[in-house]
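To start, the structure itself, in structure tokens.
Counting starts at 1 for both ligands and their atoms, in listed order. Just so you know, these numbers come straight off a predicted model, no measurement behind them.
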Amino acid sequence: MSAVLRIGHASLKVMDLDAAVAHYKDVLGLTETHRDAQGHVYMKCWDEWDNYSLILTASERAGLNHVAYKVRDEASLDTLHKRIQDWGLAVTVLPEGTLPGTGRMLQFNLPSGHEMRLYATKEQLGTEVGSVNPDPWPDGVRGAGAHWLDHCLLMCELNPEAGVNTVEANTRFMAEALDFFLTEQVLVGPDGDMQAATWMACTTTPHDIAFVGGPTSGLHHISYFLDSWHDVLKAADIMAKKKVRIDVAPTRHGITRGETIYFFDPSGNRNETFAGLGYLSQRDRPVTTWTEDKLGSGIFYHTGDLVASFTDVYT
Ligand SMILES: [Fe+2]
């Protein structure tokens with residue numbers, strides 16, 4: 001068992017804060033819950049109970065500030081602190097209140113350079129349908145009506161000539177220090193043994209984080225969960241109505257079996273809306289491997305074609 005419960009929030013850099021807030025509100029359906037003294041905006045989905053799952057910060061460029069995962073309790077944070085240090089990463093403890101309504105956080109950089117944080121405590125606002133005799137969905141759902149932030153995909157520096165594979169290093173770290181488990185992988189190279197991409201879980205869904213190799217490290221996408229394929233289709237309708245830049249229209253991934261759309265927020269950060277739980281992810285389930293020649297089908301199952309922008313464009 002991993003002490004990590006799930007993805008807790010992503011902190012994104014955006015170039016136009018108002019446009020970003022409008023996008024996450026009107027297209028994805030999030031609600032603004034807080035704005036701090038620095039002007040950072042905190043938002044949540046209707047089906048999430050914690051105070052926020054998205055932080056928007058104004059910046060000169062797009063990208064990820066950090067991604068945070070929630071752990072079971074404060075005692076687990078102490079255990080993980082030691083395990084992360086023993087694995088070889090430097091950990092900074094950010095005191096309670098560094099982020100609003102949030103307990104102390106462990107801050108460290110993955111081997112790929114991405115900043116990750118772990119925390120155990122965040123103020124709970126409850127879901128919009130409450131916890132007593134709840135309706136299946138609340139009134140006034142906007143846009144795609146995203147249920148929750150589901151996972152993120154990080155692009156990780158991969159340079160085989162220089163012997164750099166931070167996909168492999170991140171995957172080892174997440175397994176050895178945080179007890180995530182591997183569900184799927186892409187193996188490439190002359191011997192078919194180089195991990196070029198991995199999908200890892202701490203829950204029972206096919207992935208709670210994914211790493212894909214690229215020339216430089218960055219953010220590929222953050223993903224929001226929807227109920228059904230029909231909701232994915234409707235989300236695309238909403239994006240078309242609102243002139244959102246769609247990267248990949250509704251289709252299915254071979255990897256994770258997810259039903260998906262990729263699109264961009266106004267600053268160019270890629271978002272995904274994603275439906276279908278795929279399969280029951282278990283620690284003893286055999287790892288699914290995708291080979292280099294079938295990578296296209298893994299990413300986009302129907303056409304089997306890799307869309308150039310999908311692998312080349314990220315923040
Ligand atoms: Fe995804």
Side-chain angles (χ1 to χ4, degrees), residues 6-10 12 24 27-28 30 45 48 53-54 62-64 67-69 110 112 114 116 144 146-156 167 170-171 174 180-186 196-214 217-229 231-233 235-236 239 244-265 268-279 281 288 290 295-303 306-307 309-315:
R6 62 178 179 278
I7 191 168
H9 66 257
L12 293 187
Y24 287 97
V27 177
L28 282 149
L30 278 66
C45 301
E48 291 172 329
S53 61
L54 177 68
L64 181 72
V67 60
Y69 282 75
L110 295 173
S112 56
H114 298 91
M116 180 174 275
H147 285 248
W148 56 74
L149 177 66
D150 189 84
H151 63 268
C152 66
L153 192 159
L154 305 178
M155 293 297 286
C156 300
V167 172
N170 279 7
T171 302
M174 296 298 286
F180 277 54
F181 59 102
L182 185 65
T183 55
E184 307 205 23
Q185 61 184 345
V186 174
T198 59
W199 286 258
M200 303 189 82
C202 61
T203 65
T204 56
T205 62
H207 62 326
D208 295 293
I209 197 164
F211 306 117
V212 173
S217 291
L219 172 68
H220 190 273
H221 67 265
I222 58 171
S223 183
Y224 289 90
F225 185 79
L226 300 178
D227 264 340
S228 69
W229 170 243
D231 290 337
V232 172
L233 180 72
M239 290 168 208
V244 171
R245 189 151 64 97
I246 293 182
D247 183 27
V248 179
T251 183
R252 182 202 278 280
H253 292 305
I255 298 165
T256 76
R257 301 182 188 155
E259 300 150 5
T260 180
I261 316 171
Y262 288 108
F263 53 102
F264 294 100
D265 77 7
N269 292 305
R270 189 184 276 96
N271 297 159
E272 175 183 36
T273 49
F274 158 91
L277 287 172
Y279 49 80
S281 177
T288 300
W290 296 85
L295 180 56
S297 305
I299 306 282
F300 298 117
Y301 184 66
H302 298 151
T303 60
L306 271 181
V307 178
S309 68
F310 183 75
T311 40
D312 299 347
V313 179
Y314 55 94
T315 52

With R257, which residues qualify under side-chain contact (heavy atoms from CB on, under 4.5 Å), at least two apart? R252, Y279, R285
Taking all atoms of both residues into account, what is the closest heavy-atom pair of Y69 and D208, and its distance? OH-O, 2.6 Å
If only side-chain N and O atoms count, and only distance matters, is there a donor-acceptor pair under 3.5 Å linking S112 with H114? yes
Should the ring pair Y262 and H220 be called parallel, tilted or perpendicular, given that the plane angle runs from 0 to 90° and is split at 30 and 60? perpendicular
Verify the distance criterion only: is there a donor paired with an acceptor across the side chains of Q185 and W199 at less than 3.5 Å? no
Among protein atoms, how many N/O/S atoms lie less than 2.8 Å from the Fe ion (ligand 1)? 3
Does a donor on one side chain sit under 3.5 Å from an acceptor on the other, for T171 and T198? yes
